[in-house]
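To start, the structure under review is shown below, and the notes come after it.
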Amino acid sequence: MANRAIHLEPEEFIHHFLSLPDDVSASERPTWDGNVFKGLENAPNMKEASIVTEFLAAINLSGLVPGFTLCESQDLPDKGDSTMQKVDAAFFRSDNVPTDGRPHWADQVVAVEFKAHDTSKDPFDDRPNAKVDPDAEERKRVRGQIIEYAEQIFRYQQRTFLFMLLVIGRRFRLLFWDRSGTITTRAVDYFENPDLLCEMLWRLGHLTEEQLGYDASVKRVLPGDADYTTMHLASLPHVNDLEHNERLLDGLTGENLVFRYVRQAFSRSLQPHWPRYRLDVPYKDTVRTFLVGKPEFFASGMAGRGTRGYVALDRESGRFVWLKDAWRAHYDLVDQEGSVLARLNNAEVLNVPTLVCHGDILKQITRTPEFWELKNPPLIMQPASSSTTSSRTLVEELPPSSKSLKRTHAEVVDSDETLPGTPEECPLRRHRHYRLVVKEVAMNLKAFQGGRQLVSIIYDCVSAHRDAMAKARIMHRDVSGGNILILPNAMVHPQTGQPMIKWTGILADWELSKPVHDKSTAPRARQPERTGTWQFMSVGTLSEHTKIIGPPDELESFFHVTLYYAIRYLRSNCVDVGGFIEDFFDSYTVTDKVYSCGTLKETVMAEKGRLLRTCTSKDVIRFSSAPLNDFFDSLLTWFKSHYAVQAYNDSLVKCSEKKVSSTCEAGDSDEPSVPSIFYDDVDLEFEDDSDANLGGSTTTAEVRKPTSEEEKNALKVSGHKHVLQALAKAMRSRDWMKDRVENDNVPDNFKPKRIVGPVRFASAATFKRLKKDAFSSPVLPFPREGCDIEPSTPKRRSALPGPFRREEAFSP
């Protein structure tokens, strides 16, 4: 959360956040004899442990916070908590006070962290004109530590915001956290000014649950509640539950079938040391309720969407569904994901999630951006000249030192969509609490069982992408490994009538989608940053930050997803899969502080058109199944031609200032939609586009004019038709081998070759991007502040039977 902290004076903090409820008067505040903190006069010379002991005694013996008890929680981590986090202390309700010295993340109300009296231990800076969140390493480490604590509370609890007390020797800060940033008070000496801290803590003790940041749309489900019993019964194995593997069946036993992996996922979520909740979700003019345990997925980081994905139980129908809880981008023209899904469902687009219900939650909006604007009033802007660009580039987003850069996991700057002088100048993203429920509980793409099946699943999702553009005029804009899912379907063979289980592809997570761009109008700003998944973005998008994403970019993303999962989980001649993934998918270049595409990806896609192991190697990666090699060879030829034509047209623009488009109108609405029920049933013939001419001009250019063959090949990635034909051709081939490896081609002991992020003042050098599990949002070049993150390729995970993904859509 670098550069996301805002200063408030303690009196301002009291006014905005600690207002007493109507039934409590400030005159009711008691007075205490003498200085409550008299035992801490020598705190600057005391050890941290001594400060903790004395501070807890001062708070609890004086009854300073009515209804609360301050307890140490640094002895042991919570049971079942793999993070092993231990905050020093926390305020608990006095009727629910733990005695085992554990944090009890699900129950603590206000976390308290102690540090020795040392400026280097203070994560914030009060000096005039200084950064509120300074860059000194020890300060960043402490800031990273308390960010982890805030994130942990948000993970366990259903919060809209939270308070935290930070005690640094004889000074204190009261903090406010939400999904946009942090607000901190000025550091105050509580021994010299005890009344201020007493006033703030006394007021904390009188706040309502909602004022303390608890989500009013949620109810905790406790042992003994009827819902608790309902959840337990639903988690028990059922004799009619189906295995999810593909096969022919003797018959189907009913309409409301449940796959065993779905019930098992719900059962896993009911962990004894994790809280259970009942969540409300808007539904037309009413509200529907769902029961959840531990999320199958939660996004890392404090600032951002904070997405959590649950296998939930619908209290109304008793069916299992997928529930997505997130803080969506809150800007004009940004549609709710559920609204997008409703349009896709109404247009009968196949292979996308089926909407159950969705809606914003009780007008819950992050507040830190409004305080940033309060502290940073907008400057009066002079009218820009006609030659001045209105785009914000990556250069403007980078601080002077690249070491201080911190960007959220799912964001790459959207330079083509920011308008200077508008509220988007605020560096804190606005978020609104939102929930989405869909029918399907799907599986992670890594559960695919062979190359032919992988191609079939990609085919389904490319078809969904095509139909979404043609029927609903919607472009996905975040094609990634985490958004392509597998859905086992119980169906009847269309020709033989025999029941069967068939795996189909689902294109999920439409949160970042946009209407297909109408070339007659200029694109409109929606939110200040481009979002996407770095590893799967096209060379063109990564290299040109003002680029409007089009069908070729999305089709290239499908190519990258296919390649990633093939190289990682299928047999090939690549002996260092972890190194290839690092070089091709995770690397980037930095030139004049602007991040762009990594060298190997650009070389393979735009220059060589061959799947080289390294930029300098002549070795071509080949897979054990020939149809997969043929598919990659075809698309690499087409994309190389696409970039050759694009480079030529760009050169023409520089020469004549006349833009010549290298893409045809997208949509392909006249293409037949071929189901992938059986690979042999797919039959799409290639069409000849030899009459097309993408050059379109005789203006002299500095780049070689593409050949007619290159122009024809470039056309093949301007729409979906030829990519679908290539996928279909591969699916129909009889030359597939048993090519799935047992687990993962990335070894457990893989270590990256490069540091995380560039060195200061680096220029035009390729660096390692922080590696993430391919099923999560992108991790941009730098880790969270203060976190001891070992850069590593995704850890090996058993693909079968652990089918769940880590992504922000609708499947676990």
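The first residue in the sequence is number 1, and the count goes up from there.
No side-chain donor-acceptor contact under 3.5 Å links Thr366 and Arg179. Asn483 and Ser480 are linked by a side-chain donor-acceptor pair at a separation below 3.5 angstrom, with hydrogens and angles left out of the test. Under 3.5 Å, the side chains of His433 and Asp325 contain a donor-acceptor pair of N or O atoms. When only modelled atom types and interatomic distance are considered, Glu440 and Thr354 share a side-chain donor-acceptor pair under 3.5 Å. Checked by atom type, the side-chain pair Gln271/Arg276 shows no donor-acceptor distance below 3.5 Å. Defined by atom type and a distance below 3.5 Å, a donor-acceptor pair is missing between the side-chain atoms of Gln157 and Gln108.
By the 4.5 Å heavy-atom criterion applied to side chains, Leu485 and Leu445 are not counted as neighbours. Side-chain contact between Ile147 and Trp177 is present, with heavy atoms from C-beta onward closer than 4.5 Å. Using a 4.5 Å heavy-atom cutoff, the side chains of Val516 and Ile474 are not in contact. The side-chain heavy atoms of Ile484 and Ile458, taken from C-beta on, include a pair separated by under 4.5 Å. Pro272 has its side chain out of reach of Lys79: every pair of non-hydrogen atoms, C-beta onward, lies at least 4.5 Å apart.
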### Message
Please determine whether side-chain hydrogen bond (donor to acceptor under 3.5 Å, both in side chains) holds for the pair Gln152 and Asp81, giving the CA-CA distance in whole Å, both sets of side-chain angles, and the decisive distance to 0.1 Å.
### Response
CA-CA 10 Å; Gln152 190 79 333; Asp81 179 16; 2.9 Å; yes
#### Entry: Residues Ser300, Glu151; criterion side-chain hydrogen bond (donor to acceptor under 3.5 Å, both in side chains); working and verdict
CA-CA 8 Å; Ser300 58; Glu151 181 181 352; 5.2 Å; no
#### Entry: Steps toward salt bridge (Lys or Arg N to Asp or Glu O under 4.0 Å) verdict (Arg477, Glu554)
CA-CA 7 Å; Arg477 297 178 73 248; Glu554 298 275 81; over 6 Å; no
### Task
Show the numbers, then the answer: is there a salt bridge (Lys or Arg N to Asp or Glu O under 4.0 Å) between Arg159 and Asp178?
CA-CA 9 Å; Arg159 291 290 198 116; Asp178 67 14; over 6 Å; no
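Note on ring orientation: taking the six-membered ring where Trp is involved, the planes of Tyr564 and Phe536 are perpendicular (angle over 60°, cut-offs 30° and 60°). Using cut-offs of 30° and 60° on the angle between ring planes, the pair His244 and Trp503 is parallel. Taking the six-membered ring where the residue is Trp, His720 and His465 present tilted rings, their angle falling between 30° and 60°.
Between the side chain of Asp478 and the main chain of Thr533, a donor-acceptor pair closer than 3.5 Å is present. Of the possible donor and acceptor atoms, none in the side chain of Ser267 sits under 3.5 Å from a partner among the backbone N and O of Gln264. A distance-only check finds a donor-acceptor pair linking the side chain of Arg263 to the backbone of Ala234 [under 3.5 Å]. Judged purely by atom type and a 3.5 angstrom limit, His104 has no side-chain atom pairing as donor or acceptor with the backbone of Ala106. Between the side chain of Asn745 and the backbone N or O of Arg568 there is at least one donor-acceptor pair closer than 3.5 Å. A donor-acceptor contact shorter than 3.5 Å is absent between the side chain of Arg278 and the backbone of Val218. The backbone N or O of Gln453 sits nowhere less than 3.5 Å from a side-chain atom of Trp736 that would complete a donor-acceptor pair. Under the 3.5 Å distance criterion, the side-chain polar atoms of Asn345 are matched with a main-chain donor or acceptor of Pro353. Between the side chain of Thr160 and the main chain of Tyr214, no donor-acceptor pair closer than 3.5 Å is present. Side-chain N or O atoms of Arg435 include one that pairs as donor or acceptor with a backbone N or O of Asp280 at under 3.5 Å.
Each of Lys324, Arg328, Arg305 was checked for a salt bridge (Lys or Arg N to Asp or Glu O under 4.0 Å) with Glu337, and the lone residue meeting it is Lys324.
Interatomic distance, CG of Leu341 versus CD of Glu511, reported as 10.5 Å (0.5 Å rounding). Met500 CE to Leu248 CG: the interatomic distance, rounded to the nearest 0.5 Å, is 6.5 Å.
Among all heavy-atom pairs drawn from Ala472 and Leu344, the shortest one is CB-CD2, 3.9 Å. Of all the heavy atoms in Pro275 and Arg220, the pair that sits closest is CB-NE, 3.3 Å. Considering every non-hydrogen atom in both Gly451 and Asp739, the closest pair reads N-OD1, 3.0 Å. Of all non-hydrogen atoms in Ala464 and Asn351, the two that sit nearest each other are CB-O, 3.7 Å.
Between Asp78 and Arg102 no salt bridge is recorded (no basic side-chain N to carboxylate O distance below 4.0 Å).
Centroid-to-centroid, the aromatic rings of Phe632 and Phe559 come within less than 6.0 Å.
Within 6.0 Å of CD in Glu348 there are 12 or fewer heavy atoms belonging to other residues, nucleotides or ligands.
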